[in-house]
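What's counted below: heavy atoms across the whole structure, side chains too, no hydrogens, waters or symmetry copies.
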Amino acid sequence: MPLADTRDGKMRSFDEVVRAGSTGSGAPTWSLVGRDEEFLLTRRFLRQAAVNGGALLISGEAGVGKTALLDAVGEAAAETGTRVLRAAGVEFEADVSYSGLNQLLFPLYDAFAELAPVHREALRVALGFGPGQPPDRLLVSNAVLLLLRSLATARPLLLIVDDLPWLDRASSAVLGFVARRLVGTSVGFLAASRSQTTGFFELGGIPELELQPLPPAAADELISQRFPGLAPAVRRRLLSEARGNPLALLELPTALSGPQRLAAASLPAVLPLTRRLQTLFASRVSQLPEPCRRLLLLGALDGTGELGVLLAAAGEHDLDDLEPAERDQLVRVHGNTRRFTFRHPLIESAVVEVATSSELRWAHSALARTLVGQPERSAWHLGEATVGPDERVAALLEQAAHRILRRGDAVGAIASLTRSADLTPDPVDRGRRLAQAAYIGADAGGELTNASQLLDDARRASPDGSLYATTAAVHLLLNSDGDVRTAHRLLVGAIESGDHGYRADEPALADAMHTLLLLCFFSGEPALWEPFFAALDRLTPKAPELLTVAAATFGDPARTAQAAAGRFDAIVAGMSDEVDPTEIVRIGIAAIYLDRLSDCRDADWRVVRLGRDGAAPARRHLGVLLHLCFDDYHGGRWDEAAELAEEGVRLCDEHGFRFFTWYFQYIQALLAAARGDSEASDTLTEAILRFAVPRGARAAEFYAYHVRGLNDLARGDHESAYQHASLLSPAGTFAPYAPHAMWACLDLVEAAVRTGRHTEAAAHAAAIRDADIAAVSSRLALLGAAASAVAAPDDAAEELFEAALALPDVERWPFDLARVRLAYGERLRRVRATAKSRAQLRAALATFELLGAVPWVERASNELRATGLAKPRSVTRSAVLTAQEREIAELAGSGLTNKQIGEKLFLSHRTVGTHLYQIFPKLGITSRAALRDALAALDDEAPEPDETPKS
């Protein structure tokens with residue numbers, strides 16, 4: 001119904017206000033993050049109350065946003081012309097009779113004159129506006145009800161009462177009386193109360209809307225809007241601590257220092273509270289008996305909730321001392337699990353906030369003694385209990401940091417090393433530990449601002465620097481405006497001048513060597529590999545196996561990967577038990593050009609899940625995302641590759657890893673080229689080249705040229721495709737230390753043949769055979785065999801194509817296999833082997849359609865039409881499955897596991913899994929449960945009718 005608007009005199013309904021979402025000036029004054037549903041419910045209540053009256057109670061924990069919702073509702077109601085009266089319970093006025101009612105009705109004082117004398121005098125005396133005997137409470141209640149009814153005849157009225165439990169007894173009684181008698185009026189009563197808090201107000205069946213904490217997405221939106229400059233790791237920590245409590249989300253960041261908000265300084269184990277949060281939580285803790293507070297302090301600092309640890313550290317205290325905190329609902333004790341939990345992390349913070357420094361040291365010391373069998377936790381508490389420099393404690397913290405990092409907790413490792421440095425008496429050792437923390441932050445943690453600050457601190461502590469300092473500087477340089485050559489020169493100089501004695505077990509040297517390996521790869525220059533191999537040869541007693549294997553498979557795999565493949569098998573065999581994200585990423589690096597990333601998928605996904613939960617270093621999260629993208633692209637899981645590439649770009653931007661964005665842009669560009677969005681592919685490769693060329697990142701250039709060659713082939717520009725493929729390696733050669741040239745070898749041969757460069761095509765096919773890249777992987781074997789077939793004359797091509805298609809495991813590479821079938825079908829059509837040609841073209845078309853490779857679909861369709869088919873159509877699904885795939889699908893559909901299927905067919909369970917990855921999209925299903933029906937549907941398909949060419 002239309003209502004008069006008090007601001008501009010216009011008639012506006014509540015629905016119109018809600019749709020407008022603003023005041024008359026257009027400002028969204030009542031917008032609430034994450035409260036759309038709650039606001040909708042209160043909107044319905046107000047619409048009803050404006051017509052027929054009603055009451056609603058909003059409840060929720062402290063800080064959950066009750067007042068914010070009341071404010072929003074009140075402002076929205078006022079926009080419709082509703083008159084809004086407000087009051088709030090105040091603790092120090094709780095004993096003053098009718099103080100709350102005075103707040104609420106004071107603006108209506110002039111309207112008292114419209115009441116009958118008995119009611120008017122009752123209100124005047126009750127609210128303190130005149131002398132007289134205290135009136136009967138029922139008389140006051142009726143007077144208030146009559147007053148409100150009278151005023152609501154002109155326009156709707158809304159009473160809003162916040163902090164209902166603190167309202168005085170008399171006001172509570174009157175308003176409870178009124179709230180239950182509003183039906184048939186145009187008066188609404190809206191109040192807010194803290195959950196599980198008693199007061200004088202009798203709810204008596206009044207409907208209740210309980211506000212829950214904000215969901216994760218809304219909490220992230222709120223804190224990001226108010227504090228856009230927070231470092232990602234800090235934001236994640238605050239989100240975890242706040243648990244969706246809006247007040248905590250808005251207050252906790254303000255209690256941190258500027259460097260802490262930017263992750264340039266470590267966060268405390270328990271976050272500090274602002275004065276506003278202290279008022280809400282710390283006052284309740286302060287009122288507890290000392291024995292209870294001591295137990296709570298031990299529990300807050302321990303953080304595990306284990307009652308055994310708590311009581312062992314507490315000494316003379318026992319579990320009964322927790323009873324006051326239980327009664328006040330600050331903690332919950334779970335006897336069946338022998339644990340206790342704080343009702344909210346802010347209570348935990350309040351416990352620490354009210355503790356004195358001596359109490360904190362006592363608690364940390366007690367926990368350090370109790371946890372002596374858990375070195376990491378014991379070292380941390382010992383560090384917090386130690387006041388002055390202490391090398392023994394500092395060394396324990398450094399050792400703990402190494403163990404923490406192996407679990408993937410870069411933030412925890414940095415904090416432990418930083419505290420270790422604080423307690424280190426020797427400046428050189430202090431600088432080394434700070435530099436190590438800086439390296440972890442720059443290489444893995446994703447907190448580059450923090451890493452830069454730590455590096456500055458390290459240099460001040462020890463101006464001579466350390467190998468970790470240089471390695472950290474290199475990572476910071478790459479992600480700013482530095483170039484690869486400069487970073488390479490700095491790191492080589494630090495390695496060659498270091499005092500490590502080339503000991504292979506020296507962690508700083510190992511990390512530096514893995515970083516140098518990447519720099520050499522990024523450079524794409526053979527000369528820059530020389531100091532790497534010189535240092536590798538000097539490692540004693542011998543170089544680490546993974547570093548040696550990665551150098552062979554990642555550096556110049558066309559020449560050295562074959563010899564290292566067996567050694568890689570031994571490394572990857574242990575991946576199922578590997579928990580160190582750094583090691584998992586490094587194994588993946590060694591697997592890239594062996595096309596063995598599928599062996600790393602389980603471990604990679606473990607890191608991705610940890611990374612998404614904030615429990616794995618951001619750089620490691622990026623590393624495994626890239627490896628999964630590569631494997632998804634080659635394995636035909638293009639939609640997943642696109643999603644992971646988008647996630648990678650976002651993380652690079654979020655964490656400041658600018659240098660690594662091009663990796664994910666490469667995946668996006670590949671997919672765009674293969675799917676026919678040539679313009680998007682060109683834009684992405686242009687962005688890669690703009691970034692890479694001035695920084696001397698030739699590997700990124702090679703990746704961009706690979707995509708451009710594929711994009712040119714997709715749109716039929718074969719001359720440009722040849723030029724781009726040649727930039728990776730000239731025809732007839734494999735350029736040293738340009739491993740990506742192997743991936744583009746078929747592109748170069750195909751483009752050479754289509755531009756009439758048959759000599760160059762034959763020369764490159766010969767170079768592929770001479771390099772024996774077929775021994776590296778089944779995919780490279782397929783590409784190499786296909787290159788020989790494409791380059792061969794017609795009388796030899798068929799046999800070579802058949803040999804290529806007969807190679808083992810080629811079904812694992814659907815796009816590459818479909819391209820080979822397409823090339824074979826084209827050749828067969830040209831020599832008028834029509835029936836054979838159609839079989840290859842149909843199989844190719846089916847795969848291209850499943851992948852969404854639009855240019856290749858069109859090309860295969862055109863070729864089929866050229867065989868004489870009037871309207872080429874997609875092949876049936878049954879033609880897509882090979883005999884082996886059909887057998888695997890049937891066994892999986894019967895309920896057998898991958899391992900059981902492998903034992904029956906003499907295959908590894910990984911190979912079975914790879915086949916199923918291909919089978920599901922071919923059948924248009926997503927799970928094993930759908931296999932039976934999909935296979936039955938295949939059997940029901942009618943045989944394809946005979947098709948004859950048009951005359």
Side-chain angles (χ1 to χ4, degrees), residues 232 442-446 448 475 478-480 484 518-519 521-522 524 554 581 584-586 588-589 591-593 595 597-598 600-601 604-605 607-612 616-675 677-693 695 697-711 739-740 743-744 815 851-852:
D443 171 59
L448 301 187
H475 285 280
L478 285 180
N479 288 293
S480 58
V484 173
L518 290 176
L519 291 175
F521 168 77
F522 294 147
F554 192 61
I584 290 170
V585 170
R586 288 172 178 173
I589 289 170
I592 291 174
Y593 290 109
D595 285 323
L597 286 168
S598 59
C600 307
R601 285 187 71 85
D604 287 343
W605 274 111
V607 178
V608 168
R609 286 189 286 270
L610 288 171
R612 288 172 177 172
R619 176 70 181 89
R620 303 299 172 246
H621 185 181
L622 286 171
V624 294
L625 280 178
L626 175 65
H627 297 164
L628 288 167
C629 283
F630 280 148
D631 192 48
D632 283 342
Y633 175 77
H634 293 309
R637 296 175 292 275
W638 286 5
D639 289 341
E640 182 177 280
E643 291 172 5
L644 296 181
E646 183 179 354
E647 182 178 353
V649 170
R650 177 177 54 78
L651 285 174
C652 285
D653 180 63
E654 185 176 302
H655 291 278
F657 284 122
R658 294 175 53 204
F659 185 84
F660 299 99
T661 304
W662 65 268
Y663 268 134
F664 299 100
Q665 290 174 328
Y666 163 74
I667 296 295
Q668 292 175 324
L670 262 184
L671 291 169
R675 285 177 158 169
D677 192 347
S678 60
E679 185 175 341
S681 186
D682 282 340
T683 300
L684 287 161
T685 52
E686 180 61 32
I688 293 172
L689 291 170
R690 277 201 312 269
F691 179 84
V693 172
R695 290 169 175 79
R698 294 196 67 211
E701 295 179 48
F702 292 155
Y703 276 45
Y705 298 146
H706 174 217
V707 175
R708 290 199 160 181
L710 182 69
N711 202 21
H740 223 62
W743 289 14
F815 184 54
L851 294 173

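- Ring-centre distance between His621 and Phe657: not below the 6.0 Å cut-off.
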query = Taking it one step at a time, do Asp631 and Arg637 satisfy side-chain contact (heavy atoms from CB on, under 4.5 Å)?
reply = CA-CA 8 Å; Asp631 192 48; Arg637 296 175 292 275; 3.0 Å; yes
task = Check the pair Tyr666 / His706 against side-chain hydrogen bond (donor to acceptor under 3.5 Å, both in side chains), numbers first and verdict last.
result = CA-CA 9 Å; Tyr666 163 74; His706 174 217; 3.0 Å; yes
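- In this structure, Phe702 and Gly524 approach most closely via the heavy-atom pair CE1-CA, 4.4 Å.
- Remark: aromatic rings of Tyr633 and Trp743 are distant, center separation not under 6.0 Å.
- Contact between Ala674 and Phe815 at its shortest, heavy atoms only, is CB-CZ, 4.2 Å.
- Thr685 is not listed as a side-chain neighbour of Gln665, based on a closest heavy-atom distance of 4.5 Å or more.
- The shortest distance between side-chain heavy atoms of Arg601 and Asp632 falls below 4.5 Å.
- Between Gln668 and Ala645, the shortest heavy-atom distance links the atoms CG-CB, 3.8 Å.
- With a 4.5 Å cut-off on side-chain heavy atoms, Val608 and Leu625 count as touching.
- Here the closest non-hydrogen pair linking Val624 and Val585 is CG1-CG2, 3.8 Å.
- What you find for Ile667 and Cys629 is that their closest heavy atoms are CG1-CB, 3.7 Å.
- Considering only heavy atoms from C-beta on, Trp638 comes within 4.5 Å of Arg675 through its side chain.
- Using a 4.0 Å cut-off between charged nitrogen and carboxylate oxygen, Arg708 and Glu686 count as a salt-bridge pair.
- Residue Cys600 comes nearest to Gly588 through the heavy atom pair SG-CA, 4.3 Å, listed as atom of the first residue, atom of the second, then distance.
- Put simply, the side chain of Phe664 does not reach to within 4.5 Å of the side chain of Glu646, judged on heavy atoms.
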